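Since the model is a prediction, treat every value here as computed from it, not as a measurement. Numbering starts at 1 and runs along the sequence shown.
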Amino acid sequence: MEHVVLLLLVFLFFLCRAQGSPVCREQAVSAGGTLRLRPEKPPQRWTRAEWRVSLDAGPKHRILTAEKNNADVTLSKSPFSGRAVFQQDTLSLRISPVSTADSGVYRADFEDTSGHVTDLCFRVSVWEPVPQPRLEAHVQHREQSWCNVSLVCTVPSTSSVSYTWSCPGHPLGALEHQPWLHLRVRGDADPTVCHCNVSNPVSWSAASIDISAACGPVPQGNLWPYCRVKGLLCLLVLGSLVAAVVLMHVLIRRRRSPSRGAAGSSGAGEPLTHLSMD
């Protein structure tokens with residue numbers, strides 16, 4: 001029996017502890033905007049309210065204290081001075097403007113006439129607006145009338161963002177939520193516009209590109225420089241071969257010339273024998 005009572009007390013302890021730590025409500029806001037934290041069910045018999053915050057950067061601050069029968073609100077000396085406003089009609093907290101440094105866990109304590117405290121919690125995240133993404137197409141390989149195209153979508157931002165792609169007629173597969181996309185495209189295909197959408201919890205931005213134009217025939221203006229360079233290289237190789245052949249021919253002739261001269265000089269130095277017929 002004692003063990004049962006002990007287990008029951010432990011259960012009640014953890015139950016009360018869980019009820020005393022409410023689940024924080026997620027709320028996202030854009031940097032430079034206005035943060036509004038409003039209780040879903042404001043306590044009607046409240047007599048005293050206190051708003052405080054535990055910032056992600058580490059510091060903890062008491063933002064303000066308000067009493068129902070007193071119109072004056074006590075603002076604490078904190079980074080929120082001059083930006084925080086308490087609205088008694090809704091018991092909400094308004095902060096404007098906000099920055100990414102204001103991200104953190106915000107709590108509100110409402111005490112009623114009996115001394116009971118209602119604790120509310122908000123998990124606030126402040127996000128920078130998503131800038132305009134840059135979308136580029138790179139042809140990796142060409143084969144007959146097909147080509148492999150890589151699309152790269154980038155944004156000048158260090159915050160976490162999500163990517164979604166839209167390409168008519170192309171299954172995206174597992175790479176749909178990556179900043180890059182690999183496609184196989186026909187060079188003579190109709191215009192196909194792909195869209196890259198970059199978003200975070202408070203904003204989004206998009207860019208588009210025609211992949212059929214990127215995979216189309218190479219313009220003639222781009223072929224001429226290639227042909228000229230190739231022709232010059234061929235001429236240089238051919239000239240080098242001709243010069244090598246001529247040089248070897250000259251060297252061979254020089255090696256043979258001394259032996260012929262020596263043979264001619266030895267024949268001239270021999271005495272001539274005259275045969276007489278008696």
Side-chain angles (χ1 to χ4, degrees), residues 18 21-42 49-64 76 78-87 89-110 118-136 150-168 170-182 193-209:
S21 301
V23 177
C24 294
R25 191 174 72 188
E26 297 286 339
Q27 187 159 338
V29 62
S30 179
T34 300
L35 172 64
R36 292 181 175 87
L37 301 178
R38 180 175 179 176
E40 293 182 350
K41 297 179 179 180
E50 178 181 286
W51 281 91
R52 63 187 188 277
V53 61
S54 178
L55 298 176
D56 289 346
K60 298 181 179 180
H61 303 281
R62 185 175 63 179
I63 302 174
L64 58 83
S76 303
S78 69
F80 301 92
S81 299
R83 297 188 296 142
V85 176
F86 179 69
Q87 297 176 324
D89 54 342
T90 57
L91 304 183
S92 61
L93 174 68
R94 180 171 60 87
I95 301 175
S96 179
V98 292
S99 66
T100 55
D102 296 328
S103 298
V105 177
Y106 290 72
R107 294 184 179 275
D109 293 336
F110 297 98
T118 302
D119 184 17
L120 303 179
C121 179
F122 299 85
R123 181 67 180 89
V124 176
S125 57
V126 184
W127 299 80
E128 292 285 352
V130 177
Q132 176 68 31
R134 181 179 181 181
L135 182 56
E136 297 179 339
S150 293
L151 300 181
V152 181
C153 187
T154 56
V155 290
S157 175
T158 57
S159 60
S160 178
V161 293
S162 300
Y163 296 88
T164 54
W165 294 87
S166 173
C167 290
H170 292 272
L172 301 182
L175 293 178
E176 182 180 0
H177 300 290
Q178 301 293 334
W180 59 83
L181 191 65
H182 303 292
V193 179
C194 288
H195 303 271
C196 171
N197 188 299
V198 186
S199 62
N200 62 22
V202 297
S203 65
W204 63 273
S205 186
S208 59
I209 193 171

### Query
Is the backbone of R62 close enough, under 3.5 Å, to the side chain of S76 for a donor and an acceptor to pair up by distance?
yes
### Task
Verify, without hydrogens or angle tests, whether N200 (side chain) and E128 (backbone) share a donor-acceptor contact under 3.5 angstrom.
yes
#### Entry: Heavy-atom closest pair, residues L135 and A207
CD2-O, 3.7 Å
### Task
Any chance you could lay out the side-chain contact (heavy atoms from CB on, under 4.5 Å) test for Y106 and I95, step after step, and finish with the verdict?
CA-CA 12 Å; Y106 290 72; I95 301 175; 3.9 Å; yes
### Task
Could you grab the distance from atom CH2 of W127 to atom OG of S159, nearest 0.5 Å is fine?
6.5 Å
### Under 3.5 Å donor-acceptor, S103 side chain and V126 backbone
yes
### Task
Decide side-chain contact (heavy atoms from CB on, under 4.5 Å) for L64 and L93; before the verdict, give the C-alpha distance in whole Å, the side-chain angles of both, and the deciding distance to 0.1 Å.
CA-CA 9 Å; L64 58 83; L93 174 68; 3.6 Å; yes
#### Entry: Close side-chain approach of T164 to H177, heavy-atom, < 4.5 Å
yes
### Message
Could you report the tightest heavy-atom contact between P129 and S203, atom names first, then the distance?
### Response
CA-OG, 3.3 Å
### Query
Is there a donor-acceptor contact under 3.5 Å from the side chain of W51 to the main chain of S92?
no
### Task
Please answer whether the main-chain N or O of A206 pairs with a side-chain N or O of Q132 as donor and acceptor at a distance below 3.5 Å.
yes
### Message
I need the minimum non-hydrogen distance between F86 and A49, along with the two atoms involved.
### Response
CZ-CB, 4.2 Å
Please list every donor-acceptor pair under 3.5 Å in which a side-chain atom of residues 28-38 meets a protein atom from a residue at least two apart or in another chain.
unit_1	atom_1	unit_2	atom_2	d
T34	OG1	S96	OG	3.1

#### Entry: Sub-4.5 Å side-chain heavy-atom contact between E40 and L120
no
### Task
Report yes or no: does R123 contribute a side-chain atom to a donor-acceptor pair with the main-chain N or O of G104 at less than 3.5 Å?
yes
### Task
Supply the atom-to-atom distance L181 CG to Y163 OH, rounded to the nearest 0.5 angstrom.
13.0 Å
### Task
List the atom of L91, the atom of P42, and the distance in Å for their closest heavy-atom pair.
CD1-CB, 3.7 Å
### Query
Closest approach of V193 and P168, non-hydrogen atoms and distance?
O-CD, 3.2 Å
### Message
Does R134, at its CZ atom, have more than 12 non-hydrogen atoms belonging to other residues, nucleotides or ligands within less than 6.0 Å?
### Response
no
